[in-house]
Amino acid sequence: MKQLNKELEQQISLALRRAQQAGHLPDFEIPVIPVLPPKRDDQGDLAYPAMGLAKLARKNPLEIANLIAAELGGLAFLERVEVAPPGFINFSLCDDYLRAQVGQIIREGERCFQLDIGVGKRAQVEFVSANPSGPITIGHTRNAVVGDAMARLLEAAGYDVQREYYYNNAGNQMIVLGKSLMLRYLQQLGEDVTLPADHYQGAYLIEIAAELVKQRGEALKDENWETFKGIVESRMFDWIRRSLAAIDITHDRFYNETSLFESGAIWRVLDEMRANDHIYEAAHWEGADEAEIADVTSKGYQPATWFRSTTFGDEKDRVMVKSDGAPTYTLPDIAYHRDKLGRGFDLAINVLGTDHFSQAQVVQYGLQAMGLDPAPIRVIFIQMVRAVRWNDELGEYEAVKQSKRAGDFDSLDDLVEMTSPDAVRYHMLARSPNSQLDFDVDQVVKQTNDNPVYYIQNAYVRCAGIFREADERGLVDDDADLSLLGSDELRFIRKVMELGNVIEQAVTNGEPQKIAFFAHELAAVFHPIYDKVRVLHSEVPPDVAKARLRFYRAAGVVFHRLLRLMGMTAPERM
RNA sequence: GCCCCUGUAGCUCAGUGGACAGAGCACCGGUCUUCUAAACCGUUGGUCGCAGGUUCGAGUCCUGCCAGGGGCGCCA
């Protein structure tokens, strides 16, 4: 399906070129000014502001707009081209073209509005990437929803997409986790041991320990923490996969940070950076001021291995290998991204919490230090998300406490249990990733028109209801005469025609929330039409009923497509 | 010390440098003998935080300020 705004941008460029060649306009490089849907209905379906050319052309914008309009020539999909002050060109799509799209959408089905901008290209989305030390939290959930939606949108844009999960099962945290489970297990056996405050306090470890006692009895009594680490890691990953699967999210590949240690990749990275003279050994970084040096001295640090990241614009140099000889997480992170670049993705999107902001920057500097171009890597930062509830007494929203008490929660599982997978997906998506999100749990649970989840799904349900009834009555629409469609139906198709552009914008700007807003807008155009434009009504003539049924088939295809792009279900009934 | 986010209607939020700033909710009043009313129709509602600047044009870009939230600096 063509993207009409792109087509018009091209045609306008050609028209401008012709006007220049004819001497109506001076010679200048033609800028790309986007053709967009205007704000008001009486301004056509798409508009081009020629005001942006006034300075270049040294002419008044209205005149330029007229020149372009004159040079445009007949475009089959246009009904009208109007010039409006102060210099807009307003384009109106012609009805026959819109009617033809009904058939086109039905023919293309799930691939309708599939773009070609990513065809032949490979993209990767790395998301979630939580270490297997506990359940998927609300924060991880937002990351998961945004990452998976991006992956789906990239697929819709034509990319071949891989979903990857990067995790670390080495490191101190996992050791502490293993020890924590060991202690919980011993407690279950009745031993008098206490869990230190810096160990994992989560109730889930008690549950796993209790299960272990049930399954294995005292058999693990003399095992060391490593055994328990192995057990807890595999349990945690089973849990994580199950939680994500419940909201229809799966990864193609799990990439283990530890493998970068085992293969020696991290040391090769360090060597390369050192060979390029970006590495040095020192007790403090080269630009440290007196206060910093005093601080480091008081901590008694031995010399560490530093990356001179300030060369690339960093505010300070970064430790690669700590004074105790262990690498910081930055070094394997750089090695991982080098490996990623080496796998030849045209686009590699990282979905990261904002606490990784500096980290992501240092990784890019690290890649540059090895002479690599980090351009294919793009980061989508996820701001904090809180679960909140309205507190009537205080008259304000209040964060839901992250305790184990009934009704409070802090995991994806609890969130799904309290609401639904579809509600979680929609509400986690429908906000700019880079804005903080308050997830109002009471609002999300509501099955009323407060809730866009049901508003959008109901549009699909209503289509499905018509199809069921039409089937029963034996109404066939294959041979429908689409010229019988009225202005209401065409208004819906006009709105639908924006979808390609919405997908493109979501993909190129890393703004998956756009699809959620569009779905809601489209449903808002749909519902009044559903009320008004009946199919199976005694007063509707049979040929009109056929045409309308055909129209609702197209609408159903589009809503199904939208819901799947958001990872939501398209129920036949509600 | 440095960085990020937010501030638009009573509330939750849209708004790609363009035309008269928009939805939903809430409030009030209507609509089911016709494909499910989780819907529809109508009314009300604005100092786009403040002040400068850039621009033919600023809610949008720049600078400064005010208010709120969050993060980072040999843990990952």
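A quick note: this is a predicted structure, and the numbers were derived from the prediction, not measured. Numbers restart at 1 for each chain; the letters A, B, ... are given by sequence-line order, proteins then strands.
- In this structure, CG of A:Asn434 is placed 5 Å from P of B:C5, rounded to the nearest angstrom.
- Comparing A:His520 and A:Pro37 by the nucleotide of RNA chain B that holds the closest heavy atom to each, the one mapping nearer the 5' end is A:Pro37.
- Both distances falling under 3.5 Å, in either a Watson-Crick or a G-U wobble arrangement, occur for no nucleotide opposite B:G57.
- Counting non-hydrogen atoms under 4.0 angstrom, A:Val533 reaches a base of the nucleic acid.
- A centroid separation of 6.0 Å or more is found between the aromatic rings of A:Tyr165 and A:Tyr255.
- Taking the P atoms as reference points, B:G24 lies 16 Å from B:A9, given to the whole Å.
- A straight line from CZ of A:Phe517 to P of B:C13 spans 10 Å, rounded to a whole angstrom.
- Remark: the backbone N or O of A:Glu286 is paired with a side-chain donor or acceptor of A:Tyr280 at under 3.5 angstrom.
- When Watson-Crick and G-U wobble pairs are counted only if both distances are under 3.5 Å, B:G1 pairs with B:C72.
- Here B:A23 sits opposite B:U12 as a Watson-Crick or G-U wobble pair (both hydrogen-bonding atom distances under 3.5 Å).
- Only the P atoms considered, B:G49 is 6 Å distant from B:U8, to the nearest whole Å.
- A:Lys532 comes within 4.0 angstrom of nothing in the nucleic acid, heavy atoms only.
- A donor-acceptor pair shorter than 3.5 Å can be found between the side chains of A:Glu233 and A:Asn169.
- Centroid-to-centroid, the aromatic rings of A:Tyr336 and A:Tyr166 come within less than 6.0 Å.
- Here the side chains of A:Phe551 and A:Asp477 are not in contact, with every heavy-atom distance at 4.5 Å or above.
- By the 5.5 angstrom centroid cut-off and the 30-degree plane limit, A:Phe88 is classified as stacked against the base of B:A19.
- Out of B:U6, B:A19, B:G18, the shortest distance to the side chain of A:Ser435 is found at B:U6.
- The local environment of CG in A:Asp41 is sparse, with at most 12 non-hydrogen atoms from other residues, nucleotides or ligands closer than 6.0 Å.
- B:A23 sits 7 Å from B:A14 when the C1' atoms are compared, rounded to a whole Å.
- Between A:His278 and A:Phe312, the gap from one ring centroid to the other is short of 6.0 Å.
- In terms of polar N and O atoms assigned as donor or acceptor, the side chain of A:Gln436 comes within less than 3.5 Å of the base of B:G69 in a complementary pairing.
- Using P as the reference atom, B:A76 and B:G69 are 30 Å apart when rounded to the nearest Å.
- Residue A:Gln457 is classed as having no contact, given no heavy-atom separation below 4.0 Å to the nucleic acid.
- Taking a pair to require two hydrogen-bonding distances under 3.5 Å in either a Watson-Crick or a G-U wobble arrangement, B:C65 pairs with B:G49.
- Among the protein residues, A:Arg431 comes within range of the sugar-phosphate backbone only, with heavy atoms under 4.0 Å from sugar or phosphate atoms but none that close to a base.
- Contact between the side-chain N/O atoms of A:Lys514 and the OP1/OP2 oxygens of B:G15 is found at a separation under 4.0 Å.
- Using cut-offs of 30° and 60° for the angle between ring planes, the A:Phe254 and A:Phe237 rings count as perpendicular.
- Note: CD1 (A:Ile33) to P (B:U55) measures 18 Å, nearest angstrom.
- Regarding A:Phe381, its CZ atom lies at a distance of 14 Å from the C1' atom of B:G70, rounded to whole Å.
- Across all strands shown, A:Pro528 has heavy atoms under 4.0 Å from sugar-phosphate atoms exclusively, and none from any base.
- Between B:A19, B:C56, B:C35, one nucleotide has an atom nearer to the side chain of A:Ala47 than all others, and that is B:A19.
- No side-chain heavy atom of A:Tyr329 sits under 4.5 Å from any side-chain heavy atom of A:Asn168.
- Residues A:Gly465 and A:Asn501 both approach RNA chain B. Their nearest nucleotides, taken by heavy-atom distance, put A:Asn501 toward the 5′ side.
- At whole-Å resolution of the value, CD1 in A:Ile529 and P in B:C40 are 11 Å apart.
- Counting to the nearest Å, the C1' atom of B:C13 and the CD atom of A:Glu521 are 12 Å from each other.
- Here A:Tyr530 lies in heavy-atom contact (under 4.0 Å) with a base.
- Here the C1' atom of nucleotide B:G15 and the CD atom of A:Gln505 are 11 Å apart, to the nearest Å.
- Atom CD of A:Glu82 is separated from atom P of B:A19 by 18 Å (rounded to the nearest Å).
- A:Pro38 comes within contact range of at least one nucleobase, with a heavy-atom separation under 4.0 Å.
- Pair assignment for B:A37 gives none, since no Watson-Crick or G-U wobble pairing has each distance under 3.5 Å.
- For A:Asn434 and A:Gln383, the side-chain atoms include at least one donor-acceptor pair closer than 3.5 Å.
- Rounded to the nearest Å, the gap between the P atom of B:C5 and that of B:U16 is 15 Å.
- Nucleic acid contact class of A:Ala470 (heavy atoms, under 4.0 Å, all strands): none.
- Contact check, A:Tyr455 against B:C40: a side-chain N or O comes under 4.0 Å of OP1 or OP2.
- Remark: B:G17 base-pairs with no nucleotide; criterion is Watson-Crick or G-U wobble with both hydrogen-bond distances under 3.5 Å.
- Only the P atoms considered, B:C62 is 25 Å distant from B:G22, to the nearest whole Å.
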_How would you summarise protein contacts on nucleotides 71-76 of chain B per nucleotide, using B for base, S for sugar-phosphate only and - for none, with heavy-atom distances below 4.0 Å?_
SSSBSB

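- Side chains of A:Thr258 and A:Asn256: a donor-acceptor N/O pair is present below 3.5 angstrom, by distance only.
- Residue contacts shown for A:Gly353 are absent, as no nucleic acid heavy atom lies under 4.0 Å away.
- The C1' atoms of B:G45 and B:U12 are separated by 16 Å, rounded to the nearest whole Å.
- OP1 and OP2 of B:U36 both lie 4.0 Å or more from every side-chain N or O belonging to A:Arg462.
- Residue contacts for A:Asp314: at a heavy-atom cut-off of 4.0 Å it reaches no nucleic acid atom on any strand shown.
- The glycosidic torsion of B:C11 lies more than 90° away from 0, which places this base in the anti conformation.
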